[in-house]
Each structure stands twice: as C-alpha cells, then as structure tokens.
2 protein chains.
Amino acid sequence: MKEKTREQYEARAKIAKAMAHPSRLLMLDLLQKQEMCVNDISEKVGADQSTVSKHLSILKDVGLVGSRKEGTLSYYRVTCGCLDGFFSCMETVLLSDLEGRRLSVK
Amino acid sequence: MKEKTREQYEARAKIAKAMAHPSRLLMLDLLQKQEMCVNDISEKVGADQSTVSKHLSILKDVGLVGSRKEGTLSYYRVTCGCLDGFFSCMETVLLSDLEGRRLSVK
DNA sequence: TTCCATATTGGCAATATCGCCATATTTGAA
DNA sequence: TTCAAATATGGCGATATTGCCAATATGGAA
C-alpha cells in the first residue's frame with residue numbers, strides 16, 4: 001500500500017461510508033430532485049428528526065449535500081452531479097450479481 | 001419511504017458498505033488491473049491474510065468481485081466494469097468539497 | 001500416508017455506527 | 001422579553017465492524 005495513496009483510499013472510503021445507509025441513500029435521491037428542509041425529510045424517511053439531522057451532517061461532512069438557512073428552516077440539497085452514475089452502477093452490480101449466482105464464476 | 005423501494009435502498013447500501021473501507025477500495029483497484037491470489041493481495045494491502053480473506057468475501061457477497069480456484073490458490077478479480085465511474089465521481093466529490101469549503105454553500 | 005503451503009472460518013476484544021430521548025440552540029412572532 | 005417552532009447536539013444502550021490469532025479445511029508433493 002503506497003504511502004501517498006493510503007489517504008486517498010481513506011478519503012474515498014469516507015464517501016462510500018456516508019452512502020452506506022439506506023436512509024441516507026433515500027435522502028440523496030430526494031435531495032437530488034429538490035431542496036428540502038429537515039422536517040420534511042424526516043417525514044419522508046420515517047425517522048426521528050434528530051436522527052435525520054445527524055444523517056444530513058454526515059452527508060454534508062463529505063460534501064455530498066449542502067445547506068442554506070431560511071429563517072428557522074435548513075434547506076438541504078445534493079451538491080454533486082454525478083450521483084446518477086453512482087446509482088446506475090449499483091444497479092448494474094445488483095443485476096449482474098443475480099445472473100452471476102446462476103452461472104460459472106462464483 | 002415507499003414500501004417497494006426500501007429494499008432497493010438496502011441493497012444499494014450493502015454495496016456502498018462493501019466499498020466503505022480503505023483496504024477494500026485498494027483491493028478493488030488492484031483486482032481491476034489484474035487477477036490476484038489472496039496472499040499477493042495480503043502483501044500489497046499490508047494486512048493479515050485472514051483479514052484480507054474476509055474482506056474479499058465481503059466484496060464477493062455483493063458481487064463486486066469473483067474468484068476461481070487453481071490448485072490451492074484462489075484468484076480474485078473485479079467482475080463489474082463500472083467502477084471507474086464510481087471512483088471518478090468520488091474524486092469529483094472530494095475536489096468540489098475542497099472548493100466548496102472556501103465558498104458560499106456550506 | 002505425512003507434510004507443507006494456501007485459504008477459509010471461529011472467536012474475541014476494540015472500536016464504530018445507529019437511533020432514540022432529552023437537552024441545547026437558533027430564529028421569528030407575539 | 002417570552003414563547004413556540006425548527007434544528008442541532010449530548011448521551012447512551014444496542015448492534016455492527018474490524019483485525020488479529022488460532023484452528024480448520026483443502027490440495028499438491030514427497
């Protein structure tokens with residue numbers, strides 16, 4: 001493991017870790033379509049407001065979402081334009097995995 | 001959270017979780033370039049052979065890598081062709097995050 | 001068979017994540 | 001200022017992840 005790239009893998013892992021939760025993936029989907037405040041997200045996700053707030057801060061820490069304040073409300077949104085590629089790759093993996101389990105390479 | 005898509009987010013989260021580790025990301029990089037056996041990977045990664053074996057089984061469980069046996073050796077390789085998109089998106093996020101921290105949207 | 005190299009699996013302690021409750025904090029309205 | 005709504009943060013038990021050291025397959029060679 002090279003000295004210089006170890007940090008890079010850790011940085012990448014942070015991003016992957018931020019996405020490694022069903023609720024956070026749902027949030028990313030929602031916030032890609034439109035800006036939303038915490039309470040609305042909380043209802044959509046079906047988790048406690050404090051839980052959602054923490055999830056959002058995790059996403060924000062790695063730069064996947066941004067936020068702005070308007071009065072007492074915090075509006076969050078996705079700041080990166082390449083998530084679709086992410087998700088479609090995931091779908092590809094899921095599909096090919098289903099096929100692969102029936103075929104040669106296990 | 002819609003009934004039907006919850007499982008889908010969990011399936012995606014599994015994949016993200018599988019990638020959410022520096023060593024596993026390094027392994028994916030290595031195994032994308034060439035097929036490798038456990039011991040060689042272990043040396044490259046700098047972790048115990050049993051640790052690497054477990055990492056590999058995590059990657060294999062979600063269908064990111066496949067393996068074949070040749071004698072006593074197990075050769076692993078990446079089975080999905082869309083990882084580059086994954087990684088380049090991660091780099092994009094990392095870069096834009098650095099810029100974003102100096103600018104408006106926090 | 002016995003021996004050796006490779007790989008996988010158990011077990012376990014250390015650490016991290018998760019989600020709720022309770023408690024700040026912030027902002028606008030009264 | 002006092003109150004209420006929206007968010008953020010502390011804290012804590014429950015659960016999951018991590019990585020090493022055994023211990024256990026597994027296969028080839030002697």
B:T51 has its side chain closest, among D:dT7, C:dC18, D:dC20, to D:dC20
Whole-Å distance, B:L73 CG to C:dC4 P, equals 18 Å
When every non-hydrogen atom of A:V78 is compared with those of A:Q32, the smallest separation belongs to CG2-N, 3.6 Å
Within residues 33-41 of chain B, those residues having any heavy atom closer than 4.0 Å to DNA chain D are none
Inset, instruction - Verify the contact: side-chain N or O of A:Y76 to OP1 or OP2 of D:dA8, cut-off strictly under 4.0 Å; return yes or no. - result: yes
Between CG of A:L59 and C1' of C:dC18 the distance, given in whole Å, is 14 Å
Sorted by position of nearest nucleotide on DNA chain D, 5' first, the leading residue of A:K17 and A:S50 is A:S50
Margin query: Could you go through B:M36 and B:Y75, starting from their C-alpha distance and side-chain angles, then the distance that decides it, and tell me whether this counts as side-chain contact (heavy atoms from CB on, under 4.5 Å)?
Written below: CA-CA 5 Å; B:M36 288 176 76; B:Y75 284 100; 5.7 Å; no
Q.
For D:dA8, does the base pair up with any side-chain atom of A:Q49 as donor and acceptor (N or O, under 3.5 Å, distance only)?
A. yes
Legend entry - Under 3.5 Å: donor-acceptor pair, side chain of A:S88, backbone of A:D84: yes
Against the side chain of B:T72, the closest entry in D:dC20, D:dT18, D:dG27 is D:dG27
Between CG of B:D48 and P of C:dC12 the distance, given in whole Å, is 18 Å
Looking only at C:dG19, D:dC21, C:dC20, the nucleotide nearest the A:H55 side chain is C:dG19
Residue pair A:K69/B:S74 against DNA chain C: nearer the 5' end by closest nucleotide is B:S74
| request: Would you confirm whether B:S42, through its side chain, and B:V38, through its main-chain N or O, come within 3.5 Å as a donor-acceptor pair? | output: no
Between CD of B:E70 and P of D:dG27 the distance, given in whole Å, is 14 Å
Atom CE of B:M19 and atom C1' of D:dT17 are separated, to the nearest Å, by 17 Å
| request: Look at the rings of A:F86 and B:F86 and say which category their plane angle falls in: under 30° parallel, 30 to 60° tilted, over 60° perpendicular. | output: perpendicular
task: Determine, for B:R12 against B:E10, whether the closest basic-nitrogen to carboxylate-oxygen distance falls under 4.0 angstrom.
output: no
Rounded to whole Å, OH of A:Y75 lies from P of D:dA5 at a distance of 17 Å
Whole-Å distance, A:D61 CG to D:dA8 P, equals 12 Å
May I ask you to test the A:K60-A:T79 pair for a side-chain heavy-atom distance under 4.5 Å?
no
B:R68 CZ to C:dA7 C1', in whole Å, measures 15 Å
From the candidates D:dA8, D:dA5, D:dG19, the one with an atom nearest any side-chain atom of B:K54 is D:dG19
